[in-house]
There are 2 protein chains.
Amino acid sequence: MSATTTTPRESRRALGAGLRATAKVLPEHARAHNRALLLQHLFHAGPTSRADLARATALTRVTVSDLVSVLLAEGLVEELGVRPGRRVGKPATLVGMRTDAYQVVAVDLSDEAVVRGAVLTLAGEVVVRRSLAVDERSGDDLVDLLTRFARRLLSAATRPVIGVGVGSPGVVDPWGRVVEAPNRAWSDLPLAALLSERLGLPVQVANDADTAALGEYTYGGAAGSMLVLTVGQGVGAGIVVDGARVHGAGDAAGELGHVTVVDDGEPCACGRRGCLETVLSAPALRRAVAGLDAAEADAALAAAGRVLGAALAPVVSALNLAEVLLCGPPELLDGALRRAATDTLRERTMPAVGAGLRLRMAALGGDVVLAGAAVLVLAAQLGIS
Amino acid sequence: MSATTTTPRESRRALGAGLRATAKVLPEHARAHNRALLLQHLFHAGPTSRADLARATALTRVTVSDLVSVLLAEGLVEELGVRPGRRVGKPATLVGMRTDAYQVVAVDLSDEAVVRGAVLTLAGEVVVRRSLAVDERSGDDLVDLLTRFARRLLSAATRPVIGVGVGSPGVVDPWGRVVEAPNRAWSDLPLAALLSERLGLPVQVANDADTAALGEYTYGGAAGSMLVLTVGQGVGAGIVVDGARVHGAGDAAGELGHVTVVDDGEPCACGRRGCLETVLSAPALRRAVAGLDAAEADAALAAAGRVLGAALAPVVSALNLAEVLLCGPPELLDGALRRAATDTLRERTMPAVGAGLRLRMAALGGDVVLAGAAVLVLAAQLGIS
DNA sequence: GCGGATTAAGTCGCTCTACTAACAAACGTG
DNA sequence: CACGTTTGTTAGTAGAGCGACTTAATCCGC
């Protein structure tokens with residue numbers, strides 16, 4: 001109750017005020033947080049001296065040295081010798097994160113026919129890549145398949161694995177329980193808990209579009225308020241707002257594929273008409289441009305882009321997003337469609353919002369979901385994102 | 001790195017992982033957090049025994065007793081005697097929050113012509129209400145007027161005031177700096193810091209629609225994922241997602257008034273055409289129903305409602321909102337307009353999203369912004385929201 | 001060439017926080 | 001009336017970060 005003006009964002013984020021129900025915080029949690037702070041800085045800023053880490057985090061050098069010694073013992077960081085360059089004072093010894101000391105297993109379930117997986121370093125570099133045909137499996141069979149697939153990936157890892165991340169279609173709650181994934185015949189399935197028990201490792205599961213958003217946010221350098229639109233067999237979206245993933249009231253945030261965008265439009269698989277998927281999914285776009293010459297195809301793609309722009313305008317305005325990333329076949333998306341969507345978005349939002357907005361292709365290409373699944377593990381186990 | 005599956009939401013919210021830059025956490029911050037946890041529980045659940053508080057927060061009885069003794073000394077809580085009812089064991093002494101021991105000053109700047117203010121108890125009950133004509137004042141003059149107005153409210157308070165909350169139009173950053181408020185001729189004005197220095201009290205400033213959302217969230221019992229649409233001279237929105245206010249990349253989240261919703265629509269003050277404000281602002285609605293009989297007026301309002309529903313459908317889907325609250329003249333909003341908007345929203349979103357959605361009037365009526373401004377203070381000073 | 005300034009990192013003792021364990025008080029129950 | 005149960009308090013303990021001091025290594029100016 002001092003007269004100093006406190007900063008709402010910090011207190012909200014750091015201490016959890018602003019939520020109806022929050023967990024208690026013990027001193028050891030504070031330590032875990034500060035440890036994550038160091039890793040976060042080392043991850044994004046590269047090798048840093050202990051003194052600079054202290055300045056960056058506002059912790060004292062004593063505390064930083066103590067934490068670093070623990071991280072050194074765990075093998076998560078290493079000393080890299082003195083910092084090059086000439087300056088006054090004792091030369092600093094750089095400390096860097098050993099992104100190759102541990103590995104992460106990531107699985108991408110977004111494709112209906114194929115399970116894709118990889119072993120990645122902590123820096124997100126793919127070390128081993130595997131895939132497996134689903135062969136129409138679903139339900140518990142698919143969980144078994146997934147378990148075997150993950151075991152294969154684990155044995156292919158060349159370093160200790162800190163966890164397994166899975167990007168799955170459908171509605172997934174924050175604890176990795178798949179609430180509903182019709183195409184997989186999964187409903188109320190505690191996938192993360194199941195896999196964690198079978199594999200003996202921490203397992204994180206999230207929606208594939210959310211995962212893609214996380215991947216772009218952490219490895220792709222995307223802004224803290226952004227939306228990733230995944231265009232494949234269907235259309236989905238993952239949203240990061242003010243640096244935090246959006247879950248939504250029923251954990252179904254980002255389900256943009258079945259918003260009506262065209263009055264009296266094409267019939268949709270969901271039983272209604274004019275859903276965004278009927279215009280923007282990869283199959284729909286391919287149908288739209290089939291047999292057309294280049295100019296006609298561009299016109300068709302531009303039309304789809306305008307529909308997309310109109311649908312996104314309220315979302316972009318409401319959330320004041322800095323970026324919208326498109327994730328899908330570039331030959332369809334990264335041309336007339338993207339240009340038309342950008343123009344429409346600018347036209348239909350107020351300048352203050354539209355001017356600061358970028359609409360671009362996802363930087364990580366086809367590996368977004370895998371990279372994001374790795375980020376799930378990094379965030380949960382190391383506090384890095 | 002244990003095999004236990006951590007819960008992402010908890011770690012994100014409680015410890016701040018998930019943000020690029022976060023602040024360090026000291027043991028004393030942990031204590032402040034746990035203290036806020038107790039207040040939060042007492043605030044929402046009413047009088048509780050120390051033992052029940054321990055069970056609710058997962059803290060030990062020892063820690064709870066220690067924290068409660070501090071709160072007792074500060075006068076924030078009081079002992080209310082033994083809990084009535086017969087049960088085994090030593091009877092519990094109830095501890096309750098003294099919502100009348102301290103007061104909050106709240107100011108509502110959303111009306112162009114009048115500054116409204118109040119002194120409220122911590123429970124959000126208005127004790128004193130004042131208002132003042134703006135008389136075309138703007139810029140620094142308005143800041144001076146505001147300072148004098150706040151001083152008058154402060155001297156009208158009958159208990160110690162823990163802080164001042166202000167709901168202002170325009171773009172306000174998380175530190176209470178008004179980035180831009182054209183109607184007030186404010187630009188890049190550190191309003192919270194200025195007022196805090198002049199009044200010698202903590203001052204919180206936020207956008208009026210965001211403030212309204214907070215008010216409904218905390219005092220109105222609204223869901224953790226919801227949008228409050230304020231309909232007055234203009235149209236604005238405040239958004240709470242997963243229990244946290246949405247700020248946006250440029251702190252301009254919720255600026256829905258100037259999204260294009262009608263192709264080739266009416267010209268708007270912003271220079272473009274077909275903005276939501278041209279359909280849904282109070283003046284626009286009044287013009288639309290002027291001179292019509294009841295049935296015709298309902299048809300006109302329903303048309304506006306359908307436009308609103310179509311504009312909100314992508315937002316509701318993207319964020320998986322549980323509630324949309326309307327805040328404005330009930331004779332315009334709470335009838336054909338709301339019904340049409342609800343129907344349109346249900347039609348244009350997928351059932352999983354639309355079914356769980358409620359569209360209703362704000363519960364706090366004309367005092368939403370004042371109540372929300374009080375919540376700003378409660379959240380910043382006591383950690384209650 | 002040498003002391004002083006400067007920067008980096010380690011050591012010691014302190015305070016703060018919440019925990020466990022044990023205990024006293026007050027109530028129903030058999 | 002003894003016993004179990006629940007509440008709240010009293011020590012004592014382990015962990016966290018910090019301030020003050022010390023050691024170490026470099027540059028700079030005379």
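Each chain gets a letter, A, B and so on, in the order its sequence line appears, and its residues count up from 1. Owing to the predicted nature of the structure, the values given are computational and were not obtained by experimental measurement.
Residues B:S385 and B:L378 have side chains not in contact (no heavy-atom distance under 4.5 Å, counting atoms from C-beta outward). Put simply, the side chain of A:I384 does not reach to within 4.5 Å of the side chain of A:L122, judged on heavy atoms.
The salt bridge (charged side-chain N to carboxylate O under 4.0 Å, His left out) analysis of residues 195-206 of chain B, with sequence neighbours excluded, yields the pairs B:D144-B:R198.
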Just the atom pairs and distances: protein N or O near nucleotides 15-19 of chain D's N or O, under 3.5 Å.
| unit_1 | atom_1 | unit_2 | atom_2 | d |
| --- | --- | --- | --- | --- |
| D:dG17 | OP1 | A:N34 | ND2 | 2.8 |
| D:dG17 | OP2 | A:R31 | NH1 | 2.2 |
| D:dC18 | OP1 | B:K24 | NZ | 3.1 |
| D:dC18 | OP2 | A:T60 | N | 3.2 |
| D:dC18 | OP2 | A:T60 | OG1 | 2.8 |
| D:dC18 | OP2 | A:T63 | OG1 | 2.5 |

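With respect to the salt-bridge test (charged N to carboxylate O, under 4.0 angstrom), the residues A:E28 and A:R35 do not qualify. Salt bridge status for A:E74 with A:R98: absent, with no side-chain N to carboxylate O gap under 4.0 Å.
B:G165 approaches B:V377 most closely through the heavy-atom pair N-CG2, 3.4 Å.
A sub-4.0 Å separation between OP1 or OP2 of C:dT7 and a side-chain N or O of A:R50 is absent. At least one side-chain nitrogen or oxygen of B:R55 sits closer than 4.0 Å to the OP1 or OP2 atom of D:dT7. Close to C:dG10, at under 4.0 Å from its OP1 or OP2, lies a side-chain N or O of A:S65.
Between the NE2 atom of A:H29 and the C1' atom of C:dC16 there is a distance of 17 Å, rounded to whole Å. Whole-Å rounding puts the A:R87 CZ to D:dC27 C1' distance at 12 Å. Taking atom CG of residue A:L80 and atom P of nucleotide C:dA8, one finds them 17 Å apart after rounding to whole Å. With rounding to whole Å, A:R86 atom CZ is found 16 Å from C:dT6 atom C1'. Atom CG of B:L72 and atom C1' of D:dT9 are 14 Å apart (whole Å). When the C1' atom of C:dG10 is taken as reference, atom CD of A:E79 falls 12 Å away, rounded to whole Å.
Residues of residues 88-97 of chain A that place a heavy atom closer than 4.0 Å to DNA chain D, in numerical order, are A:V88, A:G89, A:K90, A:P91.
Shown here is A:R87, whose CZ atom has no more than 12 heavy atoms of other residues, nucleotides or ligands within 6.0 Å.
Between atom CG of residue A:N207 and atom CZ of residue A:R245 there is a gap of 8.0 Å, rounded to the nearest 0.5 Å.
At distances below 3.5 Å, at least one donor-acceptor pair connects side-chain atoms of A:Q103 with backbone N or O atoms of A:T158.
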